[in-house]
Engineer: 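This is the structure, below, for whatever I ask next.
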Amino acid sequence: MNTIKIGGMITLMAAFTLISCHKMDHGNQTTARAVVEKSFSTPIAIPMVMDATNASFAAKTNTATIGGQSLKTLSYGNGGILGPTLKINQGDMMNLVFSNQLSEPTNIHWHGLEAPSSQDGYPTDLTQAGNSYTYNFRVTNRPGTYWYHPHPDMATASQAYRGLAGFYIVSSPEEQALKLPAGNFDVPLVIQDKRLTGGLEYNPDAEDQTIGFFGESILVNGTPGAVMDVEKRTYRFRLLNGSNARIYNFALSDGIKFKLIGSDGGLLDAPVDVSNILLAPGERADVLINFGSMPVSTELFMESASFSGSSSQGNQSFKVMKFKIIKDATDNFIVPSTLMAVEKISESSSVASRKFNIGHMMVHGGMEGVMHPIDGKTFDANRRDEVVKSGSVEIWEFDNTTGTEIHPMHLHGLQFQVLSRIGGRGSIQAWEKGWKDTVLAFPGEKVKIIVRFPNNTGKFVFHCHNLEHEDAGMMLNFEIQ
């Protein structure tokens, strides 16, 4: 018998075999569950807004009507699914009183924010059922679209899938001076896939543990078959892939181009015309869509176009939501030629390089369990895997050349920049040219990032943001000293 440490607990298992990811069913390929399109007749829900400088909410169980079904969900706040959109100005102190009204431990990870290690949602820093915790720290991040979700060891996928997630939007006077679409014309959109046929229960089998937990129904802000009425003007949409495992290749029907203005860590240097944006779980993109030249009553769709690079997903194209132009509008908005300077981290300032093999998995004999390691190791809260110096710059490489599954790699507590991609797509994509906290490595790819570690000491984690992979051990520690 081998002993495998998971989250600080020692579990006895039959011999594990380290193999290239994916072919676990005696040579047959596993593929993602196909999407079943809805009628796109349900008005999209827009999350309520809450001031993060003085906020409180609870994680609780709820019953919500989704797609005509009454389903048991989890949410932050009052009823339904998902949580409020928290807003704050750069430099302000967040003060949020969090209560856990679930029957299980949980916590909150502030995805993309430079939070103190004690408040970042480390997998074993938990608020027990019936208890409360106050998150209180200064938000120093650039203005941008961030988000929050639970992060308990081996339960992140379950809690996030059942509804625990929300937007966290940071703004600043510099951003406001650009006069980008605001108010009702600045719309956050979280896209997720759910198994509504299963009543929103989370019960992954070995195949789900291998490639991820996929649903047949696409929800936008918790709405299946979502439709949004829009005016003939420019809108800002903040796209968040909040799914457990599914990648979306966002595009507009008829190949209509739109403008990319931001990535994970805020605005880019300048707008970029694009016809598609491919986002893995955890990634975000801010875009501008101009409906001004389209006649009233025009309908167009946001779609997910097919893509190559993954044997388990990408073959299917499907509609995500519908836009319906309902009225004329006076729109004086002019797209700025420049947005917000992105300081480039110099490669010459790097003091160390680290390489991580992310292309293997460990399979329990008889298929009773699947583990996803990094460099052959799975998560152990009692271990220090990497030690880095605050203020220093390092280059990290994620090597998925031997794997056959996608791995979006996420670092907690900081933003980084993408340096290069070798193999697969072979280049840095338009939405990867700003600040990032999550980067996708397709099978056959090596991705290099450059990181300047903040003056924010303590222990953090980095992991695959395919949540089934994360909960199956694909997470290591790094300590900033």
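Source: prediction; values computed, not measured.
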Engineer: Report yes or no: does Asp286 contribute a side-chain atom to a donor-acceptor pair with the main-chain N or O of Leu267 at less than 3.5 Å?
Structural biologist: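 Here the side-chain-to-backbone pair does not exist.
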Engineer: Should Tyr148 and Leu86 count as side-chain neighbours, where that means a heavy-atom distance under 4.5 Å?
Structural biologist: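 Yes, side chains in contact.
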Engineer: Parallel, tilted or perpendicular: which one describes the rings of His149 and His465, with boundaries at 30° and 60°?
Structural biologist: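 Perpendicular: the ring planes of His149 and His465 meet at over 60°.
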Engineer: Not counting sequence neighbours, list each pair that qualifies as a salt bridge (Lys or Arg N to Asp or Glu O under 4.0 Å) and has a residue in residues 422-432.
Structural biologist: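 Residue pairs passing salt bridge (Lys or Arg N to Asp or Glu O under 4.0 Å), neighbours aside: Arg421-Glu432, Arg425-Glu445.
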Engineer: Can you list the residues that meet the salt bridge (charged side-chain N to carboxylate O under 4.0 Å, His left out) rule with Asp205, with sequence neighbours excluded?
Structural biologist: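 Partners of Asp205 under the salt bridge (charged side-chain N to carboxylate O under 4.0 Å, His left out) test: none.
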Engineer: Output every pair passing ring pair (Phe, Tyr, Trp, His ring centres under 6.0 Å) with a member in residues 415-434, not counting sequence neighbours, ordered by first then second residue.
Structural biologist: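 Matches after skipping sequence neighbours: none remain.
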Engineer: So, for Leu71 and Gly199, which heavy atoms are closest and what is the spacing to 0.1 Å?
Structural biologist: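 In this case the closest contact between Leu71 and Gly199 is CD2-CA, 3.7 Å.
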Engineer: Do the non-hydrogen side-chain atoms of Lys179 and Phe333 ever get within less than 4.5 Å of each other?
Structural biologist: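 Of all side-chain heavy-atom pairs linking Phe333 with Lys179, none is under 4.5 Å.
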Engineer: Considering residues at least two apart in sequence or located in another chain, which fulfil the side-chain contact (heavy atoms from CB on, under 4.5 Å) criterion with Lys448?
Structural biologist: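 Ile395, Glu397, Leu419, Ser420.
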Engineer: Can you list the residues that meet the salt bridge (charged side-chain N to carboxylate O under 4.0 Å, His left out) rule with Glu347, with sequence neighbours excluded?
Structural biologist: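 For Glu347, no residue satisfies salt bridge (charged side-chain N to carboxylate O under 4.0 Å, His left out) once neighbours in sequence are set aside.
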Engineer: Report the relative orientation of the aromatic rings in Phe213 and Tyr161; use parallel for angles under 30°, tilted for 30 to 60°, perpendicular for over 60°.
Structural biologist: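 Rings of Phe213 and Tyr161: perpendicular, as their planes differ by over 60°.
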Engineer: Report yes if the side chains of Ser171 and Lys87 come closer than 4.5 Å at any heavy-atom pair, otherwise no.
Structural biologist: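 In short, these two side chains do not touch, never coming nearer than 4.5 Å.
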Engineer: Should Phe460 and Asn477 count as side-chain neighbours, where that means a heavy-atom distance under 4.5 Å?
Structural biologist: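 No, side chains not in contact.
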Engineer: Aromatic rings Trp396 and Phe478: how do their planes relate, parallel, tilted or perpendicular, breaks at 30° and 60°?
Structural biologist: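 Answer is perpendicular, since the angle exceeds 60°.
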Engineer: Enumerate the residue pairs fulfilling ring pair (Phe, Tyr, Trp, His ring centres under 6.0 Å) with a member in residues 272-296, sequence neighbours excluded, ordered by first and then second residue.
Structural biologist: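 Counting only pairs at least two positions apart or across chains, the ring pair (Phe, Tyr, Trp, His ring centres under 6.0 Å) contacts touching residues 272-296 are Tyr235-Phe291, Phe291-Phe323.
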Engineer: Can you name the residues that form a side-chain contact (heavy atoms from CB on, under 4.5 Å) with Ser275, not counting sequence neighbours?
Structural biologist: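 Ser275: side-chain contact (heavy atoms from CB on, under 4.5 Å) contacts with Lys257.
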Engineer: Can you run down the salt bridge (Lys or Arg N to Asp or Glu O under 4.0 Å) pairs that involve residues 260-285, sequence neighbours left out, and say none if there aren't any?
Structural biologist: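 Every pair satisfying salt bridge (Lys or Arg N to Asp or Glu O under 4.0 Å) with a residue in residues 260-285: Lys259-Asp273, Asp264-Arg284, Asp264-Lys436, Glu283-Lys436, Arg284-Asp437.
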Engineer: Residues two or more places apart in sequence or in another chain: which of them pass salt bridge (charged side-chain N to carboxylate O under 4.0 Å, His left out) with Asp208?
Structural biologist: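 So Asp208 forms a salt bridge (charged side-chain N to carboxylate O under 4.0 Å, His left out) with Arg195.
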Engineer: Quick one: are Cys464 and Pro408 in side-chain contact, heavy atoms under 4.5 Å?
Structural biologist: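 SC-SC contact between Cys464 and Pro408 confirmed.
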Engineer: Between Glu343 and Arg452, does any NZ, NE, NH1 or NH2 come within less than 4.0 Å of an OD or OE carboxylate oxygen?
Structural biologist: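 Glu343 and Arg452: salt-bridged.
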Engineer: Among all residues two or more places apart in sequence or in another chain, which pass the salt bridge (charged side-chain N to carboxylate O under 4.0 Å, His left out) test with Glu231?
Structural biologist: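 Counting only residues at least two positions away or on another chain, Glu231 forms a salt bridge (charged side-chain N to carboxylate O under 4.0 Å, His left out) with Lys327.
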Engineer: Which residue pairs pass the salt bridge (Lys or Arg N to Asp or Glu O under 4.0 Å) test with at least one member in residues 295-318, sequence neighbours excluded?
Structural biologist: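 Residue pairs with at least one partner in residues 295-318: Glu299-Lys322.
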Engineer: Quick one: does His407's side chain get under 4.5 Å of Ile358's, heavy atoms only?
Structural biologist: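 In short, these two side chains touch, coming nearer than 4.5 Å.
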Engineer: Of all residues at least two apart in sequence or in a different chain, which pass the side-chain contact (heavy atoms from CB on, under 4.5 Å) check with Ser243?
Structural biologist: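 side-chain contact (heavy atoms from CB on, under 4.5 Å) list for Ser243, sorted by chain: Gln192, Asp193, Asn241, Arg246, Tyr248.
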Engineer: I'd like to know if the side chain of His469 and the backbone of His372 have a donor-acceptor N/O pair within less than 3.5 Å.
Structural biologist: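 Not at all, since once roles are kept as given, no pair shorter than 3.5 Å links the two residues.
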Engineer: Would you call the rings of His151 and His412 parallel, tilted or perpendicular, taking 30° and 60° as the class edges?
Structural biologist: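 Rings of His151 and His412: perpendicular, over 60°.
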Engineer: Do Arg233's NZ or CZ and the ring of Phe185 fall within the cation-pi criteria of under 6.0 Å and 45°?
Structural biologist: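 Because its charged atom sits under 6.0 Å from the ring centre and within 45° of the axis, Arg233 does stack over Phe185.
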